[in-house]
Amino acid sequence: MPRTPPPPAAPRRLPPDWYARSRLKLRHLQLLTAMDDLRNLNRAAQSLGLTQPAASKLLAEIEQIVGVPLFERRPRGVEPNLQGEVLLRRARTVLVALEQAGEELNSLRSGAGGTVAIGAVTGPAVDGLARAVELAQQRSPALRISVEVETSAPLVERLRAGRLDFVLARIPQGASAAGLEYREVGEEPLCFLVGQGHPLLAGPPPGLAALLGYPWVLEPPGSLLRQAVGTMVARHGLSLPGRVLNTASALLALSVLGRGEAVCVVSEPVAALFDGAGRVCRLPPPPEEPHLAVPPFGLIRLKDRPLSPAAQGFFGLLETVLFPA
């Protein structure tokens, strides 16, 4: 009888403290991220000042430590496999944390107040976050604050990668909330804006059909605001006008409103900002849609990553602004 081949050996299971006890060095992590960015071993080696044989040896060391290959060859270069993606995600977190540690040490040496990196979707960025930044700069003039304004998905991705300390955003639809601490702030009401002298300002509050007779300025398809507007229009058996300018730029929207007869839909905080510019006016909501809003947003941070003293101080200040007693 033919001999039955032995079953394949089970993959080597790594202990919980494997990462801390492994022989991975900083140079290993730098090579991993360079290969992910450049998708080519030779270019990754050059970016680190290494020869290709030296980079190949480093990669072999990494894969020997982990026990599995981490990259697959493709026609246009290399691509991380599932195991490589896992290690890369953690490697980037470690490198970002070391970079932030260096910035904090430099701040202490120079007597500065430290750094904090925040992300926010547009509405919260021009309202609660702007007020918190003003208060923080009054209390700690040396504090260095950077704010990235984006949609929720890239903000949460940068938060997980360690590039942001915390964000004002939404947990993206379909994304896992594992490891995230979320405190809901509230929904974002939406407003209709037109330029000064617009024909719709002369009569009674216009209905939705009348609004749709003009060109519109909207956030690009796929954004929550655009989805809310599209759902509103469809709910009444109507369609968006053929003339729609798709833009995420508030400045471009303001310019277009001031030059023609377009209708724009923005969040309440952005409307308040535009209203003060003197070139646009709010329209009352259409009678059939007295309350239009996008889903709630919240203050999000990572559960297992402590904030620096500077970031923790600003986080607490932002909480007092967003959640007054």
Side-chain angles (χ1 to χ4, degrees), residues 8-50 52-102 117-119 121 148 150-167 169-182 222 300-307:
R12 177 164 61 94
R13 187 173 181 83
L14 300 175
D17 61 348
W18 167 82
Y19 195 95
R21 295 172 56 189
S22 72
R23 291 171 285 121
L24 284 174
K25 301 181 179 67
L26 183 59
R27 207 57 165 165
H28 291 140
L29 305 185
Q30 291 172 329
L31 177 64
L32 286 175
T33 56
M35 286 184 63
D36 186 40
D37 292 336
L38 300 172
R39 300 301 169 104
N40 180 280
L41 180 61
N42 188 40
R43 289 201 296 270
Q46 291 174 355
S47 72
L48 297 175
L50 299 172
Q52 182 164 344
S56 297
K57 181 180 178 182
L58 276 177
L59 179 60
E61 289 175 0
I62 300 169
E63 293 182 334
Q64 182 181 12
I65 293 170
V66 178
V68 293
L70 299 174
F71 290 87
E72 297 177 1
R73 293 188 178 277
R74 299 287 188 225
R76 296 186 177 181
V78 296
E79 183 176 319
N81 57 24
L82 290 177
Q83 292 86 348
E85 291 283 1
V86 169
L87 193 56
L88 270 165
R89 187 168 63 251
R90 299 300 182 180
R92 289 189 183 279
T93 300
V94 170
L95 292 175
V96 169
L98 289 173
E99 181 180 339
Q100 292 172 341
I118 313 151
V121 291
E148 294 187 23
E150 251 286 9
T151 55
S152 294
L155 290 178
V156 172
E157 182 179 342
R158 291 168 200 166
L159 173 68
R160 290 189 184 278
R163 298 176 185 177
L164 297 173
D165 293 307
F166 49 88
V167 299
R170 300 167 181 87
I171 297 177
Q173 188 175 10
S176 171
L180 298 179
E181 176 186 297
Y182 174 86
I300 309 174
R301 59 182 287 183
L302 293 180
K303 290 180 180 178
D304 60 353
R305 191 176 73 216
L307 297 174

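In what follows, every heavy atom counts, from backbone to side chain, and hydrogens, waters and symmetry copies are set aside.
Scanning for side chain to side chain donor-acceptor pair (under 3.5 Å) contacts around Arg74 gives Glu72, with sequence neighbours left out. Considering only residues two or more places apart in sequence or on other chains, Arg301 meets the salt bridge (charged side-chain N to carboxylate O under 4.0 Å, His left out) condition with none of them. Under the rule for a side-chain contact (heavy atoms from CB on, under 4.5 Å), the partners of Ser47 that lie at least two apart in sequence or sit in another chain are Ala34, Leu38. The salt bridge (charged side-chain N to carboxylate O under 4.0 Å, His left out) search around Arg305 returns none, not counting sequence neighbours. Under the salt bridge (charged side-chain N to carboxylate O under 4.0 Å, His left out) criterion, Glu148 pairs with Arg158, not counting sequence neighbours.
Listed by first and then second residue, the salt bridge (charged side-chain N to carboxylate O under 4.0 Å, His left out) pairs that reach into residues 170-181 are Arg170-Glu188, sequence neighbours excluded.
Residue-environment remark: CD (Glu157) stays at or below the threshold of 12 foreign heavy atoms within 6.0 Å.
Here the rule is side chain to side chain contact (heavy atoms under 4.5 Å, CB included) with Glu150, and of Val156, Val167, Leu155 only Leu155 fits it. The one candidate from Leu29, Thr33, Leu87 that meets the side chain to side chain contact (heavy atoms under 4.5 Å, CB included) condition with Arg92 is Thr33.
Residues Leu48 and Leu31 are in side-chain contact: their nearest non-hydrogen atoms beyond the backbone lie under 4.5 Å apart. The shortest side-chain heavy-atom distance between Arg76 and Arg39 does not fall under the 4.5 Å cut-off. Using a 4.5 Å heavy-atom threshold, the side chains of Leu58 and Leu50 count as touching. When side chains are defined from C-beta on, Leu59 counts as touching Glu63, because their heavy atoms get closer than 4.5 Å.
A distance of 6.0 Å separates CG of Leu302 from CG of Leu180, quoted to the nearest 0.5 Å. Leu82 contributes atom CG, which lies 11.0 Å from atom CG of Leu70 (distance to the nearest 0.5 angstrom). Interatomic distance, Phe71 CZ to Glu85 CD, rounded to the nearest 0.5 Å: 8.5 Å.
The two atoms that bring Ile300 and Ala169 nearest to each other are CD1-O, 3.8 Å, heavy atoms only. Shown here for Asp36 and Pro80, the closest heavy-atom pair between the two residues is OD1-CG, 3.6 Å. Nearest approach of Leu159 to Phe166, heavy atoms of both residues: CD1-CA, 3.8 Å.
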Val78 and Met35: side-chain contact (heavy atoms from CB on, under 4.5 Å), yes or no, with the steps?
CA-CA 8 Å; Val78 296; Met35 286 184 63; 3.9 Å; yes
Report the C-alpha separation of Leu24 and Ile65 in whole Å, then their side-chain angles, then the decisive distance to 0.1 Å, and conclude whether the side-chain contact (heavy atoms from CB on, under 4.5 Å) test is met.
CA-CA 8 Å; Leu24 284 174; Ile65 293 170; 4.1 Å; yes
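For Asp165 (side chain) and Ala117 (main-chain N/O), a donor-acceptor pair under 3.5 Å exists by modelled atom type.
Side-chain atoms of Gln46 and Arg43 form no donor-acceptor pair, as typed in the model, at a separation below 3.5 Å.
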